[in-house]
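So the structure is just underneath, and the comments pick up after that.
Position 1 is the first residue of the sequence; numbering continues from there. Quick caveat, the model's predicted, so the values are computed rather than measured.
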Amino acid sequence: MTQVARMTQVAVLPQDDPKPESREQALAKARADYVYDHGYQDVVLSEHVAEGEKFETAYLVQTVGIYTKLAANRAAIGMSRSHDVNADGKTDPKERLDLLRATLKKSGIPSERVGGIADFEALYPKSGLPVSARHWREDWYFAWQRLAGGYPVQLERLREITDRLPLTDAHLRAATGDDDTLDAAVAEHRLYVCDYAILDGLPCGQFNGWQKYLWAPLAVFAVKRGPGGPRERFVPVGIQCGQTPGPKRPIWTPADGVAWDMAKCTVQTADAHTREIGAHTGLCHLIMEAVLLASRRELAPNHPLLRLLIPHLAMTQATNDVMRKSFIGPGGVMENYQSPTLEGAFTLIHRTLDRFDLGASDLAPDLAARGVDDREALPWYPYRDDAELVMAAIRQWVAAYLSVYYPSDDAVRADSELRAWIRALGAPSAGAVRGVPDVQTRDALAHLVASLIWRSTAYHSVINYTGWEFLGWLPNQPTAAFGRGPSTTEPNTEQDLINMWPPLDVTIGVHDVMYQ
């Protein structure tokens, strides 16, 4: 029976289904089609892509258009040296896409330093420059990205000053005014930090002979008192390029010239890793793969909860299959274009997943835990302000939908497939998702389902669809650093900053990945 035919069946809970035998047969087939695979790096993936989960033709056609434009961009900068003309004559979108992908992989690009900003700008003749190319060096833009950039969920309120980050009133006053103090800023909830401790100790690799670098910095920001727009009021205070302070690891400030720009680069590089490896790969793609497998295996095709989830799981399995082969596999994008070794990257993925708690992963508890829910203290936070509107709409829709099928809490407790779904999500041999709540009521079910839909839609969009604007311009946010950070023992020059940026082959590769 096709997926379309299954969808035409009336949605019904298992306890109300007059044909339980048909239901069990459908589940048995689904369990044969959707198989867990824990064999690669101990993460949850699918053994194969089920027939109904493959890329839709319309999606492939759109992707062909993107790859064609990327090939044209390469040709315009003289980098396309192995274009397969057969791709132009293919009418099947998958065949043409495969040839175009092979073309981009084979193009001979030298692994050499990019000389400066003009050389970077010359790499975008057909794709056009990302927005971040206009403002990447400006301090207000560096601060603004914590609130509305490509990964605006790293920011948290700094609740106390400790020896780990020896800030002084002088650091703060240089950024906010002569009469400000750390005690006042902490008490008034005006001091914030991006702490990248999760990256500490990850081994870094090499690419084409170039050594890669990664830091676990702490970056401090403050809300200035008084009037003014967000550019003037939310300001960077200082950056410590590691978790342990010391003479070789001071707090750099905007007064430090090019050393400050290099310190910002360590933060931006760190942010690219918590975003792309931790949050994007781990908290989006791998979490939702577990949800897809549990949902297909434990909820019958006519279960109303599966019907609700299916649109939000579309092409998850096919996308993750590509991710496994091209991105997180040996020699893939993650190992080549980001700083850690493959082992280090998966250490980061597992650190991220180990800290994840599904029951507390909703928007509201996240904002509260990070201390960024106070609108008076932090009046302008576009991620929070827009996200709360989106989350409210998701919650309202999910609660209304589920109330049609679950007339009471007893109906929730009586749903055997729902119970199996909950168990599968958290079971180490199945979904292995941490913090799966024990759902006994309609409200609890609506909360859980809304958080999953939020993760697969709005949360993923924040991270995924902003990639081009922020990571597509590597001077703003290198996906890997290829030079040392700011030094206290050697002069810090403009060339030292340029040396932190990736070589030409990595730059073009990241350009193409982010443009997709």
Side-chain angles (χ1 to χ4, degrees), residues 1-20 22-31 33-34 36 44 46 50 52-53 284 287-317 358-359 361-362 391 393-427 430-433 435-460:
M1 185 180 293
T2 66
Q3 180 173 323
V4 173
R6 289 198 301 268
M7 293 289 283
T8 62
Q9 297 175 335
V10 174
V12 62
L13 296 177
Q15 60 263 40
D16 301 322
D17 196 333
K19 298 180 179 179
S22 297
R23 200 175 186 105
E24 285 301 320
Q25 290 173 2
L27 281 171
K29 184 179 186 309
R31 287 167 187 153
D33 291 340
Y34 294 83
Y36 291 104
V44 177
S46 295
E53 303 291 341
C284 292
I287 291 292
M288 295 314 299
E289 181 88 2
V291 173
L292 168 69
L293 286 164
S295 300
R296 286 295 197 178
R297 288 171 60 86
E298 308 302 339
L299 302 174
N302 61 336
H303 195 293
L305 178 54
L306 182 63
R307 294 284 178 85
L308 177 59
L309 290 173
I310 279 177
H312 308 294
L313 299 171
M315 294 188 288
T316 294
Q317 199 176 58
L358 182 59
S361 66
D362 204 345
M391 191 71 227
I394 293 173
R395 280 191 175 285
Q396 182 181 8
W397 161 244
V398 169
Y401 175 92
L402 292 176
S403 69
V404 173
Y405 297 96
Y406 294 96
S408 66
D409 293 342
D410 288 339
V412 172
R413 289 187 284 269
D415 186 343
S416 58
E417 291 178 10
L418 176 62
R419 305 258 69 78
W421 179 69
I422 293 288
R423 288 193 300 271
L425 282 176
V433 177
V436 179
D438 181 21
V439 174
Q440 299 291 330
T441 66
R442 288 196 304 177
D443 286 347
L445 178 58
H447 182 95
L448 173 60
V449 173
S451 71
L452 292 175
I453 292 177
W454 158 260
R455 183 158 301 277
S456 68
T457 57
Y459 180 82
H460 176 258

| field | Closest non-hydrogen atom pair between A294 and L425, with its separation | value | CB-CD2, 3.8 Å

| field | R297 (side chain) donor-acceptor with R31 (main chain) under 3.5 angstrom | value | yes

| message | When you measure from the side chain of R307 to the backbone of P301, do you find a donor-acceptor pair of N or O atoms at a distance under 3.5 Å? | response | yes

| Pairwise distance CG(D438) to CD(Q440) - rounded to 0.5 angstrom | 4.5 Å

| Which atom names give the shortest non-hydrogen contact between M391 and S451, and what distance separates them? | CE-N, 4.3 Å

| remark: Taken to the nearest 0.5 Å, the spacing of M315 CE from L292 CG works out to 12.5 Å

| field | Atom pair CG (L313) and CE (M288), whose distance is rounded to the nearest 0.5 Å | value | 5.0 Å

| message | If you compare all heavy atoms of P304 against all heavy atoms of V12, which two are closest, and at what distance to 0.1 Å? | response | CD-O, 3.5 Å

| task | Look up atom CD in Q15 and atom CG in D415, then write down how far apart they are to the nearest 0.5 Å. | result | 5.0 Å

| task | Determine, step by step, whether N302 and V10 satisfy the side chain to side chain contact (heavy atoms under 4.5 Å, CB included) criterion, reporting the C-alpha distance in whole Å, the side-chain angles of both residues, the deciding distance to 0.1 Å, and the verdict. | result | CA-CA 6 Å; N302 61 336; V10 174; over 6 Å; no

| side chain to side chain contact (heavy atoms under 4.5 Å, CB included) between L27 and E417, intermediate numbers included | CA-CA 10 Å; L27 281 171; E417 291 178 10; 3.7 Å; yes

| said: Testing the basics here: between I394 and W454, what is the closest heavy-atom pair and its distance to 0.1 Å? | reply: CD1-CA, 4.0 Å

| request: Compare every heavy atom of L293 with every heavy atom of S46, then report the nearest pair and how far apart it is. | output: OG-CD2, 3.4 Å

| query | Will you find, in the side chains of R455 and H312, an N or O donor that is under 3.5 Å from an N or O acceptor? | reply | no

| field | Least distance between heavy atoms, W421 atom then S295 atom | value | NE1-OG, 3.0 Å

| message | For the CZ atom of R296 and the NZ atom of K29, what is their distance to the nearest 0.5 Å? | response | 10.5 Å

| request: Go through the side-chain N and O atoms of D16 and Y405 and say whether any donor and acceptor fall under 3.5 Å apart. | output: no

| field | Short N-O contact, R419 and E298, less than 4.0 angstrom | value | no

| Stepwise, does the side chain to side chain contact (heavy atoms under 4.5 Å, CB included) test hold for I453 with L309? | CA-CA 7 Å; I453 292 177; L309 290 173; 4.2 Å; yes

| request: Any chance you could lay out the side chain to side chain contact (heavy atoms under 4.5 Å, CB included) test for L445 and T441, step after step, and finish with the verdict? | output: CA-CA 6 Å; L445 178 58; T441 66; over 6 Å; no

| query | At what distance, to the nearest 0.5 angstrom, does CG of L418 lie from CD1 of I422? | reply | 5.5 Å

| task | Answer with yes or no whether the side chains of Y34 and Q317 bring together a donor and an acceptor at under 3.5 Å. | result | no

